[in-house]
**Student:** 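Take a look at the following structure, please.
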Amino acid sequence: MLDAKQLRADLKQVAAKLANRGFTLDIAKFESLEQQRKDLQVKTEQLQAQRNQNAKAIGQAKAKGEDVQPLMDAVANLGNQFELTKQAFDSVQAELDAMMALIPNIPHETTPVGKSEEQNIEVRRWGVPRTFEFEAKDHVALSEARGWYDNDAATKITSARFSVLKGSMARLQRALTQFMLDTHIQDHGYEEVYVPYIVNQDSLFGTGQLPKFAADIYKLEKHAEHDTSDRDLYLIPTAEVPVTNLLRNEIVDGAQLPLKFVAHTPCFRSEAGSYGKDVKGLIRQHQFEKVEMVQFVHPDQSYAALESLTNNAEALLQKLGLPYRVMALCTGDMGFSAAKTYDLEVWLPGQNAYREISSCSNFEDFQARRLMARFRTGQDKPQLLHTLNGSGLAVGRTLVALLENYQQADGTIVLPEVLRPYMGGVDKI
RNA sequence: GGAGAGCUGUCUGAGCGGUUGAAAGAGCACGCCUGGAAAGUGUGUAUAGGUUAAUAGCCUAUCGGGGGUUCGAAUCCCCCGCUCUCCGCCA
């Protein structure tokens with residue numbers, strides 16, 4: 001969420017910046033609501049002040065044993081008047097809140113301006129795609145040939161866009177996860193956290209998935225007979241949600257910053273809009289494994305932190321020997337809550353293309369404001385933190401990349417050195 | 001799943017319809033005292049929102065969350081969440 005004060009003060013400039021990301025801010029609507037809000041709030045609070053004074057006076061008079069009837073008569077009308085004004089104020093405020101909740105973050109000045117992914121800018125490239133002396137297969141052909149991947153079984157058990165992995169491939173996914181977590185906690189200074197995979201609405205609102213992206217998230221059905229609670233629960237679309245919400249409504253000691261967490265979780269996405277793309281294989285699934293890094297930092301440090309967080313994700317690809325490129329997302333392609341995002345795209349020989357394997361973003365104080373995630377230095381006033389996160393990495397897609405990049409003519413897969421300890425010491429599968 | 005107890009500021013803890021944003025203590029900050037320190041002593045010590053040039057004043061809200069009763073609610077009523085204890089079940 002944007003700062004309401006800033007929005008009021010620089011409405012035109014903010015609108016111009018948001019236009020870069022394809023968002024049209026309804027200036028007239030905002031100004032009208034804001035004017036109403038201001039009038040009604042002032043009026044409401046005045047009536048409240050009056051009511052408080054009267055109540056106090058009655059209390060005092062009663063204590064002295066005086067007759068309070070004249071005072072009671074004097075305030076007879078006030079309640080009604082207050083009720084009406086308050087109602088009007090609440091409804092305007094609710095409309096304003098709903099509008100604010102749907103305004104995306106302001107892109108950082110270094111975020112390239114553009115309409116779609118074509119305008120994303122390649123920042124750097126690492127590694128050279130291997131040249132094959134045979135016809136390179138894609139991961140579906142490779143894994144099916146070895147009996148490692150069973151799409152039909154998954155469909156039978158659940159529905160489309162899930163998968164069953166078997167044998168060495170299933171183990172390799174687990175090995176990858178361990179390797180990623182270990183690298184982040186041992187080399188990059190992250191603290192590992194284990195978090196719930198089911199979250200409430202407040203958490204999803206805090207990180208910005210709600211209210212706008214409800215269609216992409218699996219919502220759990222309530223059983224009316226024995227669930228009397230009034231809160232809805234959802235499967236996490238990413239570990240970002242539970243991990244970032246660790247600091248919701250918290251004030252941390254500024255001396256402890258930065259806080260760096262890493263978590264491995266499955267992620268569940270209904271991906272309503274994406275049918276027709278990547279229909280085969282592991283690229284786009286309703287359920288996938290991901291290792292996620294989350295940082296809470298001092299506002300002055302967040303852009304330095306974005307670079308280092310991105311480097312942390314890159315380090316994994318380098319250790320795994322997977323060629324990749326770093327893309328700075330343009331204003332039109334960036335997610336709702338982000339001010340700046342780097343995507344890491346790994347080389348996939350099966351597709352002869354670079355494909356997203358990690359997305360690293362600085363949200364500045366956009367999420368923190370929704371979350372009320374703050375820090376305090378000494379006796380200073382609490383200040384909003386800056387939040388960042390990035391995949392490190394999407395495990396399923398890393399598995400795809402390993403299979404395709406390390407395939408041999410006979411269909412076996414050579415394992416990069418760093419994974420061998422996690423695979424019982426073997427050098428290929 | 002059953003029964004009971006509770007949820008108050010950084011913490012402990014009082015208040016159970018009336019000038020209570022909230023006693024008291026601890027902690028913390030600043031001062032006094034001291035050669036210095038401890039002890040003692042004094043003052044201060046929430047957050048959010050509005051108004052505003054203002055991080056100055058002033059106003060509003062907040063005692064787990066939401067709603068209600070009332071001129072007035074931390075205090076009474078209802079719904080929900082959470083914590084603890086005992087029993088049952090379970091990985």
Side-chain angles (χ1 to χ4, degrees), chain A residues 1-10 30-31 33-101 194 196-206 220 222-234 242 245-256 299 365 368-385:
Chain A
M1 200 141 53
L2 298 180
D3 182 0
K5 282 186 181 168
Q6 190 198 351
L7 202 51
R8 283 172 215 146
D10 311 320
F30 180 82
E31 280 180 332
L33 281 172
E34 178 53 26
Q35 189 57 51
Q36 291 176 60
R37 187 228 97 226
K38 194 165 170 172
D39 294 346
L40 287 167
Q41 181 163 358
V42 169
K43 213 167 147 194
T44 306
E45 290 186 354
Q46 273 170 0
L47 288 168
Q48 269 174 321
Q50 215 174 316
R51 185 197 63 185
N52 292 346
Q53 274 180 357
N54 285 324
K56 217 176 253 185
I58 291 173
Q60 283 169 6
K62 233 178 181 172
K64 290 182 200 152
E66 293 167 5
D67 180 20
V68 293
Q69 199 52 48
L71 283 167
M72 300 279 271
D73 294 343
V75 298
N77 259 332
L78 207 63
N80 213 10
Q81 216 187 114
F82 168 71
E83 213 49 53
L84 287 173
T85 315
K86 178 79 161 62
Q87 255 173 36
F89 169 61
D90 284 348
S91 97
V92 168
Q93 186 65 60
E95 213 179 320
L96 206 48
D97 287 347
M99 186 179 180
M100 292 286 290
Y194 171 80
Y197 302 160
I198 294 176
V199 295
N200 58 33
Q201 270 184 333
D202 289 347
S203 294
L204 286 160
F205 180 84
L220 301 181
K222 274 201 290 205
H223 295 280
E225 305 105 66
H226 55 83
D227 187 352
T228 53
S229 81
D230 54 7
R231 40 167 65 176
D232 290 318
L233 296 174
Y234 302 79
N245 274 278
L246 284 171
L247 291 200
R248 171 148 55 89
N249 294 331
E250 302 289 338
I251 300 175
V252 298
D253 180 0
Q256 291 178 354
D365 62 12
R369 185 170 294 107
R370 290 171 162 244
L371 295 159
M372 289 295 283
R374 294 169 292 173
F375 72 98
R376 187 205 301 273
T377 308
Q379 298 293 303
D380 294 352
K381 286 213 145 221
Q383 248 189 97
L384 292 171
L385 288 157

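Only heavy atoms go into these numbers, but all of them, side chains included; no hydrogens, no water, no symmetry mates. Naming: A, B, ... by sequence-line order, numbering from 1 per chain.
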**Student:** On a whole-Å scale, what distance lies between the P atoms belonging to B/C58 and B/C63?
**Tutor:**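 B/C58 and B/C63 have their P atoms separated by 23 Å.
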**Student:** Write down the distance separating the C1' atoms in B/A61 and B/G65, rounded off to the nearest Å.
**Tutor:**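 The same atom, C1', in both gives a distance of 15 Å.
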**Student:** Hey, are the side chains of A/Q53 and A/K56 touching, using non-hydrogen atoms and a 4.5 Å cut-off?
**Tutor:**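 Side chain of A/Q53 against side chain of A/K56, heavy atoms only: no contact under 4.5 Å found.
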**Student:** Touch check for A/K5, heavy atoms < 4.0 angstrom, all strands: base, sugar-phosphate only, or nothing?
**Tutor:**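 The answer is sugar-phosphate, as A/K5 gets under 4.0 Å only of primed atoms, P, OP1 or OP2.
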**Student:** Whom does B/A74 pair with, Watson-Crick or G-U wobble, provided both distances fall under 3.5 Å?
**Tutor:**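 For B/A74, the partner nucleotide comes out as none, under the 3.5 Å rule.
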**Student:** Please determine, for B/A14, whether a Watson-Crick or G-U wobble partner exists with both distances under 3.5 Å, and give it or none.
**Tutor:**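 Result: none.
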**Student:** Rounding to a whole Å, what distance do you find between A/I251:CD1 and B/C11:P?
**Tutor:**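 So the two atoms are 11 Å apart, to the nearest Å.
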**Student:** Side-chain N or O of A/R51 versus OP1/OP2 of B/G18: is the shortest distance under 4.0 Å?
**Tutor:**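 The answer is no; no side-chain N or O of A/R51 sits under 4.0 Å from OP1 or OP2.
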**Student:** May I ask you to test the A/V199-A/L204 pair for a side-chain heavy-atom distance under 4.5 Å?
**Tutor:**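 The answer is yes; the side chains approach within 4.5 Å.
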**Student:** Distance check, C1' atoms only: B/G31 and B/C7, in whole angstrom units.
**Tutor:**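 Their C1' atoms lie roughly 38 Å apart.
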**Student:** For the pair made of CZ in A/F375 and P in B/U47, what is the distance, rounded to whole Å?
**Tutor:**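 Computing the A/F375:CZ to B/U47:P distance gives 14 Å.
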**Student:** Tell me: CG of A/N200 to C1' of B/C82, nearest whole Å?
**Tutor:**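 Rounding to the nearest Å, CG of A/N200 and C1' of B/C82 are 12 Å apart.
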**Student:** Looking at A/R37 and A/V92, would you say the former's side chain and the latter's main chain have a donor-acceptor pair under 3.5 Å?
**Tutor:**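 A pair under 3.5 Å: no.
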**Student:** Now, which nucleotide makes the Watson-Crick or G-U wobble pair with B/G35, with each of the two distances under 3.5 Å?
**Tutor:**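 Answer to the pairing question: none, since B/G35 forms no Watson-Crick or G-U pair.
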**Student:** Does one side chain, of A/D97 or A/Q93, offer a donor that lies under 3.5 Å from an acceptor on the other?
**Tutor:**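 Yes.
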**Student:** Rounded to whole angstroms, how far apart are CG on A/N249 and C1' on B/G9?
**Tutor:**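 In whole Å, B/G9 C1' and A/N249 CG are 16 Å from each other.
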**Student:** Counting only Watson-Crick pairs (N1-N3 plus N6-O4 or O6-N4) and G-U wobbles (N1-O2, O6-N3), all under 3.5 Å, who is the partner of B/C28?
**Tutor:**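 Pairing partner: B/G44.
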**Student:** Give me the distance, rounded to whole Å, that separates B/U45 from B/G67 when you measure between the C1' atoms they each carry.
**Tutor:**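 My reading of the C1' atoms in B/U45 and B/G67 gives 34 Å.
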**Student:** Side-chain donor-acceptor pair under 3.5 Å between A/Q41 and A/E45, yes or no?
**Tutor:**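 Result is yes, a qualifying pair exists.
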**Student:** Does B/U52 have OP1 or OP2 under 4.0 Å away from a side-chain N or O of A/K38?
**Tutor:**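 So the side-chain polar atoms of A/K38 do come within 4.0 Å of the phosphate oxygens OP1 or OP2 of B/U52, strictly under.
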**Student:** With rounding to the closest Å, how many angstrom separate the C1' atoms on B/U8 and B/U47?
**Tutor:**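 Result for the C1' pair: 15 Å, nearest Å.
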**Student:** Check whether A/N245 reaches the backbone of A/S203 with its side chain - one donor and one acceptor, N or O, closer than 3.5 Å.
**Tutor:**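 Between the backbone of A/S203 and the side chain of A/N245 there is a qualifying donor-acceptor contact (under 3.5 Å).
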**Student:** Determine which nucleotide pairs with B/G21, using a 3.5 Å limit on both distances of a Watson-Crick or G-U wobble pair.
**Tutor:**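 Matched B/G21 with nothing under the 3.5 Å cut-off.
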**Student:** Given that A/Q41 and A/K62 both sit by RNA chain B, which one's nearest nucleotide is further toward the 5' end?
**Tutor:**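 Counting from the 5' end, the first nearest nucleotide belongs to A/K62.
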**Student:** A/M372 CE to B/U47 P: how many Å, rounded?
**Tutor:**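 One finds 10 Å between P of B/U47 and CE of A/M372, rounded.
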**Student:** Taking B/C78 as the reference, what is the distance to B/A23 when you measure between their C1' atoms (whole Å, please)?
**Tutor:**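 About 30 Å, rounded to a whole number of Å.
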**Student:** Which nucleotide, in any strand shown, forms a Watson-Crick or G-U wobble pair with B/U51, with both distances under 3.5 Å?
**Tutor:**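 For B/U51, the partner nucleotide comes out as B/G57, under the 3.5 Å rule.
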**Student:** Can you tell me the base-pairing partner of B/C84? Count Watson-Crick or G-U wobble geometry only, both distances below 3.5 Å, and say none if there is no partner.
**Tutor:**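 Matched B/C84 with B/G4 under the 3.5 Å cut-off.
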**Student:** Ignoring hydrogens and angles, are the base of B/U60 and the side chain of A/Q48 linked by a donor-acceptor pair under 3.5 Å?
**Tutor:**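 Between B/U60 and A/Q48, which were checked side chain against base, a qualifying N/O pair under 3.5 Å is absent.
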**Student:** Write down the distance separating the C1' atoms in B/C32 and B/G21, rounded off to the nearest Å.
**Tutor:**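 Each nucleotide's C1' atom is 29 Å from the other's.
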**Student:** Can you tell me how far P of B/G18 sits from CE of A/M72, to the nearest Å?
**Tutor:**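 Going from CE in A/M72 over to P in B/G18 covers 15 Å.
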**Student:** Return the value, rounded to whole Å, for the distance between atom CZ of A/F82 and atom P of B/A61.
**Tutor:**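 Value for this atom pair: 8 Å.
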**Student:** Determine: side-chain N/O of A/R8 to OP1/OP2 of B/G50, distance under 4.0 Å, yes or no.
**Tutor:**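 Answer is yes, contact under 4.0 Å.
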**Student:** Counting only N and O atoms by type, is there a donor-acceptor contact under 3.5 Å from the side chain of A/R374 to the main-chain atoms of A/K381?
**Tutor:**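 Side chain of A/R374 to backbone of A/K381, a donor-acceptor pair under 3.5 Å: no, none is there.
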**Student:** Tell me whether the side-chain N/O atoms of A/R374 come closer than 4.0 Å to OP1 or OP2 in B/U47.
**Tutor:**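 It does not, given that no N or O in the side chain of A/R374 lies less than 4.0 Å from OP1 or OP2 of B/U47.
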**Student:** For B/A73 versus B/U19, give the span between their C1' atoms, rounded off to a whole number of Å.
**Tutor:**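 My reading of the C1' atoms in B/A73 and B/U19 gives 15 Å.
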**Student:** Rounded to the nearest angstrom, tell me the gap between atom CZ in A/R376 and atom P in B/C28.
**Tutor:**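 Distance, rounded to whole Å: 16 Å.
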**Student:** Closer to the 5' end of RNA chain B via nearest nucleotide, is it A/Q46 or A/I58?
**Tutor:**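 Nearest nucleotide further toward 5': that of A/Q46.
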**Student:** Is the shortest side-chain N/O distance from A/N52 to OP1 or OP2 of B/G18 below 4.0 Å?
**Tutor:**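 Result: no.
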